[in-house]
Q: 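Quick one: structure below, then a few questions.
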Amino acid sequence: MRSKKLALLAAGVGVSLAVTACGANQETPSAGSGQTQATTGGGGGAKVGVILPETATSARWEGFDKPMIEAAMKAEGLSPDIQNAQGDVQKFSTLADGMISQGVKVLVIAAINSEVGAAVAAKAKARGIPTIDYDRLNLGGSSEYYVSFDNVKVGELQGQGLATALKDKAGAQVIEIEGAPTDNNATLFYNGQQKVLKPLYDSGALKLVRSQPIDGWDNQKGGVTFEQILTANGGKVDGVVAANDGLAGAVITVLRKNGLNGKVPVTGQDATPDGLMAVLRGDQYMTVFKPIKAEAEGAAKLAALLAKGDTAGADKIATGSTDDTKSGRKVKSLLLEPKLTTKDGVKEVVSGGYVKATEICTGDLAAVCAQLGIS
Ligand code: BGC
């Protein structure tokens, strides 16, 4: 299914993103494969700088994005320099300065927040270096291109997941643990969730206890905040919107302490190994699988074209459009489709090469995997 959708997408824009072959996924290093060192590529071609935002907010950045961007850029003949700012805005700027002075031809930015992302893009622009916003759009920024997922849809899938899980529980009490208010994606996820949940809150089918954004997507803070809200609500909760798998994990730890794990559906996102294990165990109702390999390949393809100054070619790929709600600018975009993943969908994530069965089918989960045909 996923391959088909991407094939259509690639055909639709008249380029081969080379993301369609299932077999190609097999070579993808999977999450947790330990490739955490900074990479200076051997692609031989134009130097491209890539700055990732964090490691602690989600296992995706080092586990999926980094190895997949590296492979995709090398396949494009580029020479990638991929660094992670570890949530430190100062470090983010310093890394960008270093890459700009090294003479990168293109800069790919997945920023900690819009402010630092926009500042870096402006600096690059002043030196004539094109920038691509990766995954997170920098509001008020100047990047001509944006590669990401349909992030409102991600939120809708989370809302749908929770609504389905609670459909027989009239008046179920819901706590929402949201992402960082400084990440435009967190706003889009929230907007998508509310498309589904707000009518249910309004009708009384569900009852919102509280919705709380978590600064910096800090998983630990998410757990502490959830516990406080739960306690203030007399220990009562029937469902939790957790904006990603990291926050879901922190919520589940608190639920477990209260004997509620497995009884209270929790949402997530990123299809991380821990998230998938929680789904298999029944502690997390769903995650959202985002084919990051396609995101990485889209960014690499765009970077290769921009490095050659081929903006017409880049425009053929980035046929979508995203609103920068701060500046009112429309940013040319390549947006990929996310997928709702419950227990039955874990097999597809494994067969797509994102996560190895040996990583998630351990201990108590070996039997669950066997039952679901995951190997
Ligand atoms: C990404 C999510 C990720 C979150 C925290 C968001 O911008 O889209 O995939 O879980 O940041 O890192």
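Keep in mind that what you see is a predicted model, and the values were worked out from it rather than measured. Heavy-atom basis, side chains included; hydrogens, waters and symmetry copies ignored. In listed order, ligands and their atoms are each counted from 1.
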Q: Could you tell me if the ring centre of Tyr354 sits under 6.0 Å from that of Phe289?
A: yes
Q: Start with the C-alpha gap between Asp315 and Tyr145, add the side-chain angles, then the distance that decides, and say whether side-chain hydrogen bond (donor to acceptor under 3.5 Å, both in side chains) holds.
A: CA-CA 9 Å; Asp315 290 355; Tyr145 297 94; 2.5 Å; yes
Q: Report yes or no: does Trp61 have a heavy atom closer than 4.0 Å to ligand 1?
A: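 Within the 4.0 Å threshold, so yes.
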Q: Identify the closest protein heavy atom to atom 1 (C) of ligand 1: which residue and atom is it, and at what distance?
A: Asp135 OD2, 3.2 Å
Q: May I ask you to decide if Gly268's main-chain N or O and Gln158's side chain share a donor-acceptor pair within less than 3.5 Å?
A: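 A pair under 3.5 Å: yes.
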Q: With heavy atoms of Phe189 as the reference, note each atom of ligand 1 found under 4.0 Å away.
A: 8 (O)
Q: What residue and atom, counting heavy atoms only, is the protein's closest point to atom 10 (O) of ligand 1, and at what distance?
A: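 Looking only at protein heavy atoms, the one closest to atom 10 (O) of ligand 1 is Asp270 OD2, 2.6 Å.
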Q: Below 4.0 angstrom from a heavy atom of Asp183, which ligand 1 atoms are there? Numbered from 1 as shown, please.
A: 6 (C), 7 (O), 11 (O)
Q: Of Arg136, Lys66, Arg60, which meets salt bridge (Lys or Arg N to Asp or Glu O under 4.0 Å) against Glu54?
A: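 It is Arg136, the one option of Arg136, Lys66, Arg60 that forms the salt bridge (Lys or Arg N to Asp or Glu O under 4.0 Å) with Glu54.
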Q: Would the number of heavy atoms belonging to other residues, nucleotides or ligands and lying under 6.0 Å from CD of Gln220 be above 12?
A: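 Not buried by this count: 12 neighbours or fewer within 6.0 Å.
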Q: Within the 4.0 Å heavy-atom shell around Ser58, which atoms of ligand 1 are there?
A: 10 (O), 12 (O)
Q: For atom 12 (O) of ligand 1, which protein heavy atom lies nearest, and how many Å away is it?
A: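 The closest one turns out to be Thr57 OG1, 2.7 Å.
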Q: If the cut-off is 4.0 Å to any non-hydrogen atom of Arg136, which atoms of ligand 1 fall inside it?
A: 4 (C), 5 (C), 6 (C), 7 (O), 11 (O), 12 (O)
Q: Can you check salt bridge (Lys or Arg N to Asp or Glu O under 4.0 Å) on Glu348 and Lys339, steps first, answer last?
A: CA-CA 11 Å; Glu348 189 189 331; Lys339 186 161 185 184; 2.9 Å; yes
Q: Which of these, Val368, Ile360, Leu365, sits in a side chain to side chain contact (heavy atoms under 4.5 Å, CB included) with Val346?
A: Ile360
Q: With a cut-off of 4.0 Å, which atoms of ligand 1 are near a heavy atom of Glu54?
A: 12 (O)
Q: Counting both backbone and side chain atoms, is some N or O of Asn151 under 3.5 Å from an N or O of ligand 1?
A: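 Asn151 vs ligand 1: no N/O contact under 3.5 Å.
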